[in-house]
Amino acid sequence: MNNTLGKKERLKSQKLIGRLFEEGTSIKIFPFRLIYIVTEKPLLQSSFSVPKRNFKKAVDRNRIKRLIKEAYRLEKKNAFKTTSYNCVFMITFLGKKAPTFSEAQKKIGELLKLFIERQKRKENE
RNA sequence: AAAGCAGACCUAUCUUAUCGCUUUUAAAAAAUUAUUUUAUUUUACAUUGUAUGAAAGAUAAGUUUUAAAAGAGGAAAGUCCGGACACCAUAGAGUAGCACAGCGGAUAACAUCCGUCCAAUGUAAAUUGAGGACCAGUGCAACAGAAAGCAAGUACAGUUCGGCUGUAGUGAAACCAGGUAAACUCUGUGCGGUGCAAUGUCAUGUACAUUAGAGUUUGAGGGUAACUCGCCCGAUUCUAAGGGGUAGGCAGAUCGAUUCUAAGAGUAAUUUUAGAACUAGAUAAAUGAUAAGACUCUACUAAGAGAACAGAAUCCGGCUUAUUGGUCUGCUUUUUUU
């Protein structure tokens with residue numbers, strides 16, 4: 001697992017995103033929420049969103065999205081130890097004020113850890 | 001020097017280091033898919049000359065790695081005008097409707113821009129302007145007045161004795177004209193509609209709902225964002241082509257009414273010629289993060305912040321709105337000095 005976050009690791013399929021909102025499971029650590037589903041094929045794709053409701057200006061949304069993306073990129077290798085996964089997920093920012101980078105990185109780290117633990121528990125059951 | 005007017009340009013800073021994103025180009029790597037063999041080789045089969053299959057080769061595409069280059073704005077915004085481009089007879093013709101409006105010019109075009117006249121404001125630089133036509137018709141007009149039309153008429157004078165002419169009185173205007181077109185209207189010019197989620201194409205691939213052409217029959221009924229004409233749609237047979245969906249890939253898509261420089265034409269907007277340059281191309285949507293230093297500001301030790309409005313989405317020309325700090329140019333007025 002390297003530091004990169006290219007096109008392949010982004011969630012692009014309309015279908016999968018549709019499914020994500022319909023049947024996805026969500027985990028919350030304020031100010032983030034992670035929705036995920038397990039897929040049939042080995043796949044690890046992510047996407048990030050900031051609701052228009054809380055941030056009206058495109059500049060602000062862009063900025064927050066980039067921060068989250070960067071945080072995810074750096075935390076990814078700590079969280080995902082093995083290489084084969086089969087899930088897609090979306091991280092949404094729920095706060096009303098723009099976060100700083102260090103805050104975001106910490107929270108995203110926690111969020112991913114929690115996500116991995118839950119997955120493992122499920123598999124053991 | 002102060003105050004003001006007009007215009008142009010820059011601006012989420014710069015340097016280094018470490019990670020990271022998108023596109024393009026080049027090189028390398030394996031294995032994959034497709035095409036090709038009329039002009040490559042080998043082999044199988046059948047035959048003595050060609051067809052078919054397989055493998056290698058070649059070409060193309062994508063994948064990974066490395067390197068290099070480039071990567072948000074003056075408004076990218078509002079979607080308010082004007083175009084390019086694409087499709088559609090719901091597209092044609094006439095009427096209606098809408099927009100614009102001194103005069104002249106620029107332009108692909110415009111409600112934009114330039115020049116100029118007039119009017120208003122200002123000491124001035126300058127700014128603003130719904131500035132075509134009431135000798136085509138219809139309407140409207142406070143107060144005053146007999147009367148601002150469809151009905152009348154006061155006083156005096158003249159008289160060719162006809163309510164024919166003049167004067168007085170009211171008023172901005174009085175017997176046939178004037179004012180008003182941010183009144184109807186008229187004149188001139190322009191305007192079909194829908195928008196890149198347009199549209200074309202490739203792959204997968206199921207079913208007959210689709211499309212095109214030709215023949216036969218019938219023209220009832222229906223469709224068409226104002227109306228009339230027009231136009232289109234039907235049933236059946238034959239032939240040919242492939243549709244829908246997966247909001248899949250590619251094209252459209254960034255080289256263009258382009259940018260810069262020089263010279264010429266023009267008061268100017270603009271334009272001609274020559275030379276040079278490619279300057280974002282994403283698609284759940286790239287242009288970022290961290291650290292150190294510089295610089296600026298608040299503070300004046302420390303410490304903090306990196307500014308306002310704001311993020312390309314088919315592309316251009318404008319307009320409008322939002323707005324931080326700064327640089328430069330031209331001009332006006334007042335005061336001082338010579």
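A gap of 9 Å separates the C1' atoms of B/G317 and B/A257, to the nearest Å. When the P atom is used for both B/C164 and B/C134, the distance is 33 Å, rounded to whole Å. For B/U79 and B/G318, the C1' atoms lie 13 Å apart once the distance is rounded to whole Å. B/A292 and B/C316 have their P atoms separated by 42 Å, with the value rounded to a whole Å. To the nearest whole angstrom, the two P atoms, one in B/U24 and one in B/A51, are 43 Å apart. Of the C1' atoms belonging to B/A106 and B/A173, the separation is 46 Å, rounded to the nearest Å. Spacing between B/G62 and B/A31 at atom C1', rounded to whole Å, works out to 12 Å.
For the pair A/Lys65 NZ and B/A284 P, the interatomic distance rounds to 10 Å; values are reported in whole Å. The separation between A/Lys69 atom NZ and B/C19 atom C1' is 15 Å, rounded to whole Å. Atom P of nucleotide B/A310 and atom CZ of A/Arg61 are separated by 13 Å, given to the nearest angstrom. The distance from atom CG of A/Leu74 to atom P of B/G288 is 16 Å, rounded to the nearest whole Å. Rounded to a whole Å, the OH atom of A/Tyr72 is 16 Å from the C1' atom of B/C19. B/U287 atom P lies 11 Å from atom CG of A/Leu67, rounded to whole Å. Atom-to-atom, NZ of A/Lys57 to C1' of B/A322 comes out at 10 Å; the value is rounded to the nearest Å. Atom CZ of A/Arg63 is separated from atom C1' of B/A286 by 16 Å (rounded to the nearest Å).
B/A177 adopts an anti glycosidic conformation, its chi angle falling more than 90° from 0. In this entry the base of B/U43 is anti relative to its sugar, with a glycosidic angle more than 90° from 0. In textbook terms, a nucleotide whose glycosidic angle is within 90° of 0 is syn, and B/G74 is one such case. Glycosidic conformation of B/U296: anti, with the torsion beyond 90° of 0.
Between A/Lys69 and A/Phe48, the shortest heavy-atom contact is CG-CE1, 3.5 Å.
The partner of B/A282 cannot be assigned: no Watson-Crick or G-U wobble pair with both contacts below 3.5 Å exists in any strand. When both pairing distances are held under 3.5 Å, B/G192 makes a Watson-Crick or G-U pair with B/C88.
To the nearest 0.5 Å, atoms CD1 (A/Ile108) and CG (A/Leu34) are separated by 8.0 Å.
Side-chain atoms of A/Arg73 come within donor-acceptor range of the base of B/C19, with a qualifying N/O pair under 3.5 Å. For A/Glu70 against B/G288, a side-chain-to-base donor-acceptor contact under 3.5 Å is present.
Contacts of A/Lys57 classified as side chain to side chain contact (heavy atoms under 4.5 Å, CB included), with partners at least two apart in sequence or in another chain: A/Asp60.
Residue A/Ser49 is tested with A/Thr92, A/Ile35, A/Ile64 for a side chain to side chain contact (heavy atoms under 4.5 Å, CB included); the sole match is A/Thr92.
At least one donor-acceptor pair closer than 3.5 Å links the side chain of A/Arg61 to the backbone N or O of A/Phe55.
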Do any N or O atoms of the protein come closer than 3.5 Å to N or O atoms of nucleotides 70-75 of chain B, and which pairs are they?
unit_1	atom_1	unit_2	atom_2	d
B/A72	N1	A/Arg66	NH2	3.3

